[in-house]
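The residues of the chain are indexed from 1 along the displayed sequence. Just follow the structure's listing: the first ligand is 1, and inside any ligand the first atom is 1.
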Amino acid sequence: MTHRFSGRTALVTGAGSGIGRGIALAFAREGAHVVVAGRRREPLDETVALIEGEGEGGKALAVTADVSRAEDLRALVTAAVDRFGSLDVAVNNAGVLEGRGQTVGDLAEEDWHRMLDVNVTGIFLALQAEIAQMRTQPNGGAIVNIASRIGVHSRLPRTAAYAAGKAAVSVLTRGAALDHIADGVRVNAVSPGPTATDMSFKDGETEADRAARMRAESPVGRVSTVAEVAAAVLYLASDDAASVVGADLVVDGGATA
Ligand SMILES: NC(=O)c1ccc[n+]([C@@H]2O[C@H](COP(=O)([O-])OP(=O)(O)OC[C@H]3O[C@@H](n4cnc5c(N)ncnc54)[C@H](OP(=O)(O)O)[C@@H]3O)[C@@H](O)[C@H]2O)c1
């Protein structure tokens, strides 16, 4: 096991479940101190318990924060630095999918606003809080935003609002990367395709239904695992990717190849 993040502090939003939890655990296994954030306390505490229970001396801190609120994000970064001394890596993973399967004409306006508030404004505000800290550090920092293959990468019906937000994440990532590489802050994105979390089920779908859909739709014939998405994130956050700036790494089993 390599330990690319020993002595570094990694912040992961949306780390109480799914992909975010998998990313947090992967950082801990590679030696990072991990700060896990989300709105609900209990799932964050579970992630901390999983990290601390792995027996590799992992240290983690749970902080409740709503990424659509700038003050929460500033407090989150402050809590990370107060506890562990720096913020070396941030993964902006928190995201929501509302109004699943709706056309543009039928989507409730509140679902539109909720998605943009979390998926776009949430990333923008997180970038601001994280960059404000990282640009003061001698070693800068690395940020990975979680976009989606449903965004700039694919053309699918009944996903327009979610796709518009995730496309904004891909574009915002490139712009932030260009703006802040001179500050020593590297910004990249990962765009997952369907991944083995609750979000990838269509309404009423069972695991067997999803598996059958993936066999038909995906070149690799299955959903990606959370570990596969986490591996892409850790690569981009690591020194292995020191010259990778503004990339948007698609992990979708070839669906948009
Ligand atoms: N699963 C997939 O197939 C797939 C594919 C492409 C992209 N993605 C993206 O990957 C990311 C993770 O998705 P997932 O599948 O792991 O879904 P998930 O299990 O629903 O995780 C989303 C996490 O975000 C947190 N969150 C939601 N709104 C928040 C807010 N306002 N402030 C802070 N945290 C918030 C949630 O915790 P709380 O409710 O406690 O806040 C939850 O832990 C999302 O950005 C998603 O769009 C997923």
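No donor-acceptor pair closer than 3.5 Å links the side chain of Ser6 to the backbone N or O of Gly31.
Arg39 pairs by the side chain to side chain donor-acceptor pair (under 3.5 Å) definition with nothing, not counting sequence neighbours.
In this structure, ligand 1 sits under 4.0 Å from heavy atoms belonging to Gly14, Gly16, Ser17, Gly18, Ile19, Gly38, Arg39, Arg40, Ala65, Asp66, Val67, Asn93, Ala94, Gly95, Val96, Val118, Ile146, Ala147, Ser148, Tyr162, Lys166, Pro192, Gly193, Pro194, Thr195, Thr197, Met199, Ser200.
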Name the atoms and distances for all side-chain donor-acceptor pairs under 3.5 Å in residues 75-87, with sequence neighbours left out.
unit_1: Thr78; atom_1: OG1; unit_2: Arg74; atom_2: O; d: 2.9
unit_1: Ser86; atom_1: OG; unit_2: Asp88; atom_2: OD1; d: 3.4
unit_1: Ser86; atom_1: OG; unit_2: Asp88; atom_2: OD2; d: 2.8

Output side-chain donor-acceptor pairs under 3.5 Å for residues 164-172, partner residues at least two apart or in another chain, one line each.
unit_1: Lys166; atom_1: NZ; unit_2: Ile146; atom_2: O; d: 3.1
unit_1: Ser170; atom_1: OG; unit_2: Asp248; atom_2: OD2; d: 2.8

For side-chain contact (heavy atoms from CB on, under 4.5 Å), just list the numbers for Thr195 and Val226, CA-CA rounded to whole Å, side-chain angles, deciding distance to a tenth of an Å, and then say yes or no.
-> CA-CA 6 Å; Thr195 304; Val226 167; 4.1 Å; yes

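The two residues Asn93 and Gly14 make their nearest non-hydrogen contact at ND2-O, 3.2 Å.
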